[in-house]
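Worksheet: one structure, shown below.
Residue numbers begin at 1 in each chain, while the letters A, B, ... track the order of the sequences.
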There are 2 protein chains.
Amino acid sequence: MPDTATTVSAADSRTYSISELAREFGVTPRALRFYEDKDMLHPARDGMMRVYRNRDRARLKVILQCKRVGLPLADIREILDLYGMDRNERAQKREALKKFRQQVDTLHQQRDDIDAALEELHNGISWLESQLAIIGPASDEAESVAAYEQVAKAHMDDA
Amino acid sequence: MPDTATTVSAADSRTYSISELAREFGVTPRALRFYEDKDMLHPARDGMMRVYRNRDRARLKVILQCKRVGLPLADIREILDLYGMDRNERAQKREALKKFRQQVDTLHQQRDDIDAALEELHNGISWLESQLAIIGPASDEAESVAAYEQVAKAHMDDA
DNA sequence: GTTGACGTTGACGTTCGCGTAAAGATCGGG
DNA sequence: CCCGATCTTTACGCGAACGTCAACGTCAAC
C-alpha cells in the first residue's frame, strides 16, 4: 500500500504553496502571511511566491496547537524562537515548559472565574424563576416597579 | 445602632457624584460615562454634572453583576431595557432568564474548551518533561535539530 | 488671584487576530 | 490576446471595553 498513500503519509520533503498549506490546516492564506509578518514563519521564496517546506509545516503545527491551547501569538512566537536556537535546546524546552505551566495556571484561573460566574448565574436564574412562579398577583398595580427595587436590593446586597 | 450605620445602610435616597459611585464599585468614572453613552445608565443632571440616584446605583450593580457573569454590554443593555418597561415585567424576566440560560450554555462551552486545552497542554508538558528527562545524550551534535523534527512529527501527527 | 480637585465633552489610542478590499504580477489554457 | 486562478504588497477595518489625552468650566480653599 505504498503508492496510494504516497501523497498523504511519507513525511516527505514536499513544498507547499501558501493556499495548499492553508487548506491543509484549515486556515486562510492571510493567517499564514500574518504569522510570517509576526516572524513566526519564514518560508523561502521562489521569485515572489512563498515556498513552504516541512520545517515551516511543523512550525505551523506548533503554532496552531499553541493557539488551541489559548496561548497568545506573542508567547507562541517566543516558543518558536527558542526552537530555532539549535544549540541549547534544553534551555529552550525549559522555557516552553515554563510557559505551558503558566498557561495551565491561567486556564485554571479562567475556569474558576467561569465557575463563579455560573454560580452567580444560577442564583440569578433561580431568583428570576421564583419571580415568575408568583403567577402575577398585583402586577397591574403601578407599585410593581418599587417592588422590583426592593426585591432587587435584597437580592443584590448579599451578592 | 442607627446613627453610626446611617451612611452605609439605610438603603437611602442619596445622590452620588460620578467618582463617588465609581469608587464605591471599583470602576473608573470613564466606565460610567461609557455605560451612559451606551444607554445603560441615565443619571440626572445638575447643570452639567451627572447626579446618580439609587436607581442608577441599582442599575450599575446589575451591569457589574452581568459583567462578572461574562455577558457582553450589548446583552446587558437589553436586559436593562427590559427592566425599564414597567408594565409587562413578566415578559422582561422571561427574556432575562433566556439570556441567562444562554450564557450558562456558552460558559459551559468555554469551560469545555478550556478543559480540552488543558488536556493538550498536559500532553505537551509531559512530552517536554520526557525530553528533559533524557539528560542530554548527543545534544552537541548538529543533528539535534533533525531529531526534533522527527520527534515533533511523531508527537504531533496523533494530535 | 491662583491653585488644585473635580466635573464636562469630544475624539483618538489600545490590544488581538486576523478580514477585506485595492491594485498589481504571473501563469497556464483556450 | 484575453480570461481566470493564484500569487504578491500595502493598508485600513473591526469589535469590545474602555484608557488617555485635550481643552475647557466650576468650585472651595489658601
**OP:** Return the set of residues passing side chain to side chain contact (heavy atoms under 4.5 Å, CB included) with B/Arg111 (not counting sequence neighbours), or none when no residue passes.
**Re:** A/Arg111, A/Ile114, A/Asp115, B/His108

**OP:** Would you indicate what A/Arg33 reaches in the nucleic acid, counting non-hydrogen atoms under 4.0 angstrom: base, sugar-phosphate, or nothing?
**Re:** base

**OP:** Using modelled atom types only, decide if a donor and an acceptor are shared between the side chain of A/Ser19 and the backbone of A/Ala22 within a distance under 3.5 Å.
**Re:** no

Original post:
5' to 3' on DNA chain D, which nucleotides open and close the contacts with chain A (atom under 4.0 Å from a heavy atom)?
Top reply: D/dT6 to D/dA11

Original post:
Would a distance-only check, ignoring hydrogens and angles, find a side-chain to backbone donor-acceptor pair under 3.5 Å from A/Asp112 to A/Gln109?
Top reply: no

Original post:
Which residues satisfy the salt bridge (Lys or Arg N to Asp or Glu O under 4.0 Å) test with A/Arg23, sequence neighbours excluded?
Top reply: none

Distance-only donor-acceptor hits, side chain of residues 27-36 of chain B, under 3.5 Å, sequence neighbours excluded:
| unit_1 | atom_1 | unit_2 | atom_2 | d |
| --- | --- | --- | --- | --- |
| B/Thr28 | OG1 | B/Ala31 | N | 3.2 |
| B/Glu36 | OE1 | B/Arg50 | NE | 2.4 |
| B/Glu36 | OE2 | B/Arg45 | NH2 | 2.9 |

Subject >> Members of residues 99-111 of chain B that approach DNA chain C, where some heavy atom sits under 4.0 Å away >> reply: none

**OP:** Apply salt bridge (Lys or Arg N to Asp or Glu O under 4.0 Å) to A/Asp105 and list each qualifying residue two or more places apart in sequence or on a separate chain.
**Re:** none

**OP:** For A/Asp37, check side chain to side chain contact (heavy atoms under 4.5 Å, CB included) against everything at least two apart and list the hits.
**Re:** none

**OP:** Summarise protein proximity over nucleotides 10-26 of chain C in one line of letters, 5' to 3': B for base, S for sugar-phosphate only, - for none, counting protein heavy atoms closer than 4.0 Å.
**Re:** -B-----BBBB------

Subject >> Non-neighbouring partners of A/Glu129 that pass side chain to side chain contact (heavy atoms under 4.5 Å, CB included), sequence neighbours left out >> reply: A/Ile125, A/Ser126, B/Leu97, B/Arg101

Original post:
Can you list the residues that meet the salt bridge (Lys or Arg N to Asp or Glu O under 4.0 Å) rule with B/Asp113, with sequence neighbours excluded?
Top reply: none

**OP:** For the pair A/Asp75 (side chain) and A/Pro72 (backbone), establish whether a donor and an acceptor sit closer than 3.5 Å, ignoring hydrogens and angles.
**Re:** no

Original post:
So, the side chain of B/Gln103 versus the backbone of A/Leu121: is there a donor-acceptor pair under 3.5 Å, distance only?
Top reply: no

Original post:
Considering the terminal five base pairs at each end of the helix from C/dG1-D/dC30 to C/dG30-D/dC1, what angle separates the two local helix axes, rounded to 10°?
Top reply: 40°

**OP:** Only counting residues at least two apart or in another chain, list the ones meeting salt bridge (Lys or Arg N to Asp or Glu O under 4.0 Å) with A/Asp46.
**Re:** none

